[in-house]
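First the structure, in the form of structure tokens, and then the observations on it.
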Amino acid sequence: MIETVAKLVDTTLCIGCKACEVACQEWNDQEFTTGVFRNTYQTLPDLAPNFWNLIKFSEHDINGEQHWLMAKYQCMHCADAGCIKACPAPGAIVRRPNGIVDFVHENCIGCGYCITGCPFDVPRLSPKTRKVYKCTLCSDRVAAGLEPACIKTCPTNCLTFGSRNDLKFLAEKRAEELRKDGLANAGVYDGPGVGGTNVLYVLKHADRPQDYGLPKDPRIPWTVSLWKGPLKWLGNTVFFGGLLAALVHYIKVGPKEAHDEAEN
Amino acid sequence: MKQRIERFTSTERIAHWMVALSFLYSALTGLALWSHRMFWLAAVFGGGETVRGWHPIGGIVFALLLAFIFRNWAAQMKLDADDRRWLAVSHKYAMNQEEGVPAAGRFNAGQKMLFWLQSSSALLLFASGLVLWFPEWMPRGLRLAAVLLHPVAAVASIGGIIVHIYMTTLVVPGALRAMARGWVTPRWAASHHAKWYRDLDRR
Ligand code: HEM
Ligand code: SF4
Ligand code: SF4
């Protein structure tokens with residue numbers, strides 16, 4: 001069996017250098033965009049069709065202490081992926097045997113359903129190509145036995161690539177160390193609500209992931225589940241039930257014999 | 001020559017067939033995305049990207065035509081006391097047991113219900129369709145509502161249309177000709193829309 005791969009982001013070791021952002025754009029051959037200056041480190045405000053790896057900088061007052069938090073943000077490669085659930089085009093989003101969720105642009109029709117299905121708000125629709133883009137976890141590099149570009153370039157050991165099981169173990173150990181060092185709320189963030197993500201985070205404040213810009217309890221939205229589940233059954237019942245009912249009615253009851261035939 | 005009564009004006013007929021065509025196009029291209037098993041429909045209409053681009057345009061055409069029909073017909077589609085009694089015994093109408101079914105005006109209560117079903121689902125399809133059209137500009141909450149409401153309204157309207165097409169082609173002989181060529185015979189009018197026939201006579 002092919003092992004599920006993952007990356008581990010130990011936010012306590014991130015220095016906000018943005019080398020991973022650059023490496024991602026370089027490797028994936030994406031055009032660079034001019035940043036904005038708003039008196040913060042957040043010079044690129046959001047993910048974009050040509051920008052798949054973002055360091056989110058946030059400042060928070062936590063229990064009277066000022067904290068400057070940094071977290072890498074990108075596709076989480078969910079086990080139960082909302083984007084796949086939402087996508088209407090067969091083969092446009094695939095889960096590779098190693099757990100990587102990949103967009104296959106030849107099959108994408110550009111409807112943007114995946115954007116709505118994703119609990120992490122990750123896919124971005126390009127107005128130019130009318131296709132969606134996001135982190136591929138460097139599926140091309142991984143297939144060739146290399147580690148993803150962001151991991152390769154990270155100067156601090158904040159990022160690690162490997163088998164998900166190993167990384168989960170490492171992450172829990174690291175969180176445990178941090179708790180021993182007095183960070184009582186340190187823990188691991190890996191999206192249990194979506195069956196586990198293949199990006200794992202070690203957070204100092206695992207009780208408040210939203211302060212890092214990560215959703216508190218990521219889940220596939222209920223309207224998406226309802227749409228792709230019970231509604232399909234209801235709809236199919238109406239469509240095929242309707243046709244069947246018409247057929248049965250025609251055979252058993254038939255036309256209103258025109259009181260009219262003489263004149264037809 | 002047998003007597004003919006005008007049932008639908010040429011404007012009504014042209015609008016009806018245009019709305020029918022645009023609905024059929026919207027429904028079939030929409031259904032291509034309904035399930036992976038129906039995606040072959042996308043190939044029929046020029047491929048997934050073409051469907052994604054043209055379905056909303058077909059939908060807008062449909063909505064505009066329906067708005068025109070709505071303006072012409074809404075006043076005639078109000079349900080009166082007879083219509084309410086008609087609905088209460090609609091099972092009899094469905095079983096072709098016409099005794100005890102109140103006489104219908106120009107439209108019977110079933111047709112009126114279809115009119116209101118199509119009008120309200122078209123409004124819903126239009127509003128939610130705009131949200132689905134431009135996901136990149138829409139707030140997340142609206143998109144989450146639209147992905148549910150658009151197909152809900154589509155199911156309701158397609159369900160209504162299945163019944164409508166079946167009734168007018170197979171159950172009520174003469175109805176299709178009325179919408180195609182515009183006329184019915186006096187006996188047809190007297191038997192299917194007696195109140196309308198009576199009122200025509202009086203004029
Ligand atoms: C009124 C204007 C309408 C607009 C602007 C609109 C727009 C859209 C858009 C943007 C989509 C997403 C994918 C695509 O672009 O093809 C969609 C999906 C769909 N539309 Fe429409 N539409 C309209 C009317 C209709 C009508 C009249 C029907 C027929 C009953 C319909 C049935 C559907 C269905 C079944 C889907 C797929 C739903 C799913 O994925 O479960 N739409 N529509
Ligand atoms: S984070 Fe979003 S885009 Fe990535 S796999 Fe999960 S649902 Fe899909
Ligand atoms: S935009 Fe492309 S990948 Fe996303 S749901 Fe639509 S077809 Fe699938």
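So that the names make sense, note that chain A is the first sequence line, chain B the second, and so on, each numbered from 1.
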Checking [X] against chain B: side chain, backbone, both or neither under 4.5 Å from a heavy atom?
| X | answer |
| --- | --- |
| A/Leu231 | both |
| A/Lys252 | neither |
| A/Cys114 | neither |
| A/Arg130 | side chain |
| A/Asn236 | both |

When you measure from the side chain of [X] to the backbone N and O of [Y], does any donor-acceptor pair fall under 3.5 Å?
| X | Y | value |
| --- | --- | --- |
| A/Lys232 | B/Trp34 | yes |
| A/Thr223 | B/Leu148 | no |
| B/Tyr166 | A/Tyr250 | yes |
| A/Lys228 | B/Ser35 | no |

### Message
I'd like to know whether A/Tyr113 forms a side chain to side chain contact (heavy atoms under 4.5 Å, CB included) with B/Leu132, so could you lay out the CA-CA distance, the side-chain angles of the two residues, the decisive distance to 0.1 Å, and finally the verdict.
### Response
CA-CA 8 Å; A/Tyr113 282 2; B/Leu132 294 181; 4.3 Å; yes
Shorter than 4.5 Å, heavy atoms on both sides: which option in [options] has the most such pairs with chain A?
| options | value |
| --- | --- |
| B/Leu149, B/Val171, B/Ile162, B/Val155 | B/Val171 |
| B/Ala146, B/Ala145, B/Ala190, B/Ala94 | B/Ala94 |
| B/Val163, B/Leu170, B/Val152, B/Ile158 | B/Leu170 |
| B/Arg140, B/His150, B/Glu136, B/His55 | B/Arg140 |

Got a sec: does the [atom1] of [X] have more than 12 other heavy atoms crowding it under 6.0 Å?
| X | atom1 | answer |
| --- | --- | --- |
| B/Phe107 | CZ | yes |
| A/Arg95 | CZ | yes |
| B/Met38 | CE | yes |
| A/Phe103 | CZ | yes |
| B/Met77 | CE | yes |
| B/Trp116 | CH2 | yes |

### Message
Tell me which of these, A/Gly112, A/Gly242, A/Gly110, has more heavy-atom pairs under 4.5 Å with chain B than the rest.
### Response
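Looking at each option in turn, the highest pair count goes to A/Gly110.
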How many angstroms lie between [atom1] in [X] and [atom2] in [Y], if you round to the nearest 0.5 Å?
| X | Y | atom1 | atom2 | result |
| --- | --- | --- | --- | --- |
| B/Asn96 | A/His249 | CG | NE2 | 5.5 Å |
| A/Ile109 | B/Arg52 | CD1 | CZ | 7.5 Å |
| B/Leu144 | A/Leu226 | CG | CG | 12.0 Å |

### Message
Check A/Lys256 with B/Glu98, please: is the shortest side-chain N to carboxylate O separation under 4.0 Å?
### Response
yes
